[in-house]
Amino acid sequence: MIAIALFQTLPKIQATLWTIVGAQLLLPVGEGIKIAMIPQFDKASIPNLCIFFAYLFSKRRPWKSKLGLAEMLIALFLFGPIATSLLNNDSIVRGDRMIPGVGLYDGGSAIGAALIALMPFFVGRALLRTPHANEQILKVLITAGLWYSIPMLFEMRFSPQLHLWIYGYFPSDFIQEVRDGSYRPMVFMGHGLIAATFMLMAVCAAAALWKTKTPLRLVSAGWATSYLAVVLLLCRSAGAALFGIVIVPLICFTKPRTQAFAAIAIVLVALSYPMLRFSGLVPTVHILQVVDSFSKERADSLRVRFENEAMLLDHAIRAAPIWLGPIWPESCLRRNWQRCERHRWALGHHHRAIRHRRLHS
């Protein structure tokens, strides 16, 4: 109903953007409506379906039929789970418990989930292609960030409780939101890291409009950038703050060509990171020593992530390349049951150790 009201009262671009952003900011985490043979309706799928069908019904010919690189990659992404399911159909027996292998039903379910996940891409590719549309994206992020900063500041002071008060349950481990004697806000986004990443996006959007001297309705882009940057630092997320320290000056003080080269470099690092880790070129021990000199707690958290990466890389090396598809996390649990059990124990031990240090400090 809210999506229908948005599309009836706002232009298509703004209605599309606010449907997506509003759902991510306000809907509950981890809850949904599941009907047999149909993907679950939750905060990820509901807005995707709304904007897809709204755009579909608003255009006589929504998309032009053509075949290019993007279409081939989409087909590979959609139908890859079929090959994945055919190569992962063995069962696992542990005592009196039998875990069935992945079948064609799981592959079909993964195709449905992938299709829903791609719906914003289809709509954005057709609707958000102009400079005006790009400007609207930035303005929606800034407006949402400014309003969302109010409950975030509240949770920084009084702890992340809004999701529990309104929806009746806590979506993550509370100890993960405790940092440096204060709290990381999450509001309705499920985790403090996700909320900090959203605030980083809002800061970058405000910096872009400040660079182009684009006016905002309520406040200036410069004031919005400064205010949102302070909120980002108060989120107590080292990763998001580090990205902000690097990206915001690039946006504000460099030319578009330099920004493009920096973006390409970041993407190349992200794409090559698994191979660098596999080749032993990432100095994880040295990185942990540097982080440990600043914070023992952050070093422990980073160590757990490195251990997880090592297990996943080992699993990827043992598996066939086509085996790694959209249903790979589930197959990892099935084929590497003992490893996942050890990971769960290690993660729980890590959280208990942090809780013990806080209680006795």
Side-chain angles (χ1 to χ4, degrees), residues 29-30 152 155-161 163-164 169-187 189-200 230-247 266 269-270 272-317 328-329 332-333 336-361:
V29 177
M152 291 179 70
E155 289 196 341
M156 291 176 194
R157 177 63 181 85
F158 297 101
S159 79
Q161 298 291 333
H163 198 288
L164 175 63
Y169 66 96
F170 201 82
S172 62
D173 191 352
F174 182 82
I175 194 64
Q176 296 181 20
E177 314 308 331
V178 180
R179 282 292 183 274
D180 303 325
S182 186
Y183 305 99
R184 291 194 301 201
M186 65 176 185
V187 195
M189 303 195 75
H191 199 283
L193 296 178
I194 303 176
T197 302
F198 165 72
M199 190 54 59
L200 170 65
V230 172
V231 177
L232 173 61
L233 294 176
L234 293 176
C235 288
R236 293 174 174 80
S237 173
L242 181 61
F243 276 117
I245 292 172
V246 174
I247 295 175
I266 293 173
V269 170
S272 61
Y273 180 78
M275 291 304 300
L276 295 175
R277 283 281 281 128
F278 171 72
S279 304
L281 298 178
V282 180
T284 56
V285 176
H286 180 68
I287 293 174
L288 288 173
Q289 291 175 350
V290 173
V291 176
D292 187 69
S293 64
F294 292 97
S295 172
K296 175 68 175 176
E297 184 176 306
R298 297 291 175 87
D300 291 340
S301 177
L302 183 60
R303 184 177 293 105
V304 171
R305 299 181 187 183
F306 282 154
E307 292 173 355
N308 294 344
E309 290 177 358
M311 288 190 293
L312 294 176
L313 285 173
D314 181 66
H315 166 73
I317 295 168
W328 171 80
C332 170
L333 289 175
N336 295 277
W337 184 265
Q338 292 181 348
R339 290 182 183 175
C340 293
E341 287 294 323
R342 289 198 300 269
H343 161 62
R344 188 181 296 114
W345 178 88
L347 191 61
H349 176 75
H350 168 63
H351 290 157
R352 288 192 297 271
I354 294 176
R355 189 181 295 110
H356 177 78
R357 286 199 300 269
R358 288 191 176 279
L359 290 175
H360 293 82
S361 60

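Residues: numbered from 1 along the sequence shown.
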Taking the side chain as everything from C-beta on, heavy atoms only, tell me whether Met156 gets closer than 4.5 Å to Cys235. yes
Which heavy atom in Met189 sits nearest to a heavy atom in Ala195, and how many Å separate them? SD-CA, 3.7 Å
By side-chain hydrogen bond (donor to acceptor under 3.5 Å, both in side chains), Thr197 pairs with (sequence neighbours left out) none
Considering all heavy atoms of both residues, which atom of Val187 and which atom of Met152 are nearest to each other, and what is their separation? CG2-CG, 3.6 Å
Partners meeting side-chain hydrogen bond (donor to acceptor under 3.5 Å, both in side chains) with Gln161 (sequence neighbours left out): Ser159
When you measure from the side chain of Ser279 to the backbone of Leu276, do you find a donor-acceptor pair of N or O atoms at a distance under 3.5 Å? no
Using the rule side-chain contact (heavy atoms from CB on, under 4.5 Å), only one of Val246, Ile247, Ile245 pairs with Phe243; which is it? Ile247
Could you tell me whether the side chain of Met186 reaches within less than 4.5 Å of the side chain of Pro171, counting heavy atoms only? yes
Any Arg277 side-chain heavy atom under 4.5 Å of Thr284 side chain: yes
Is any side-chain heavy atom of Arg184 closer than 4.5 Å to a side-chain heavy atom of Glu155? no
Using side-chain heavy atoms (C-beta onward) and a distance below 4.5 Å, is Phe198 in contact with Ile194? no
What is the ring orientation for Tyr183 with Phe174, classed by angle as parallel under 30°, tilted 30 to 60°, or perpendicular over 60°? tilted
Should Val282 and Ile287 count as side-chain neighbours, where that means a heavy-atom distance under 4.5 Å? yes
Looking at the rings of Tyr169 and His163, which for Trp means the six-membered one, are their centres under 6.0 Å apart? yes
Check whether any side-chain N or O of Ser172 sits under 3.5 Å from a backbone N or O of Gly190 as a donor-acceptor pair, and report yes or no. yes
In short, Leu193 meets Ser237 closest at the heavy-atom pair CD2-OG, 3.5 Å
Sequence neighbours left out, what pairs pass salt bridge (Lys or Arg N to Asp or Glu O under 4.0 Å) with at least one residue falling in residues 280-294? none
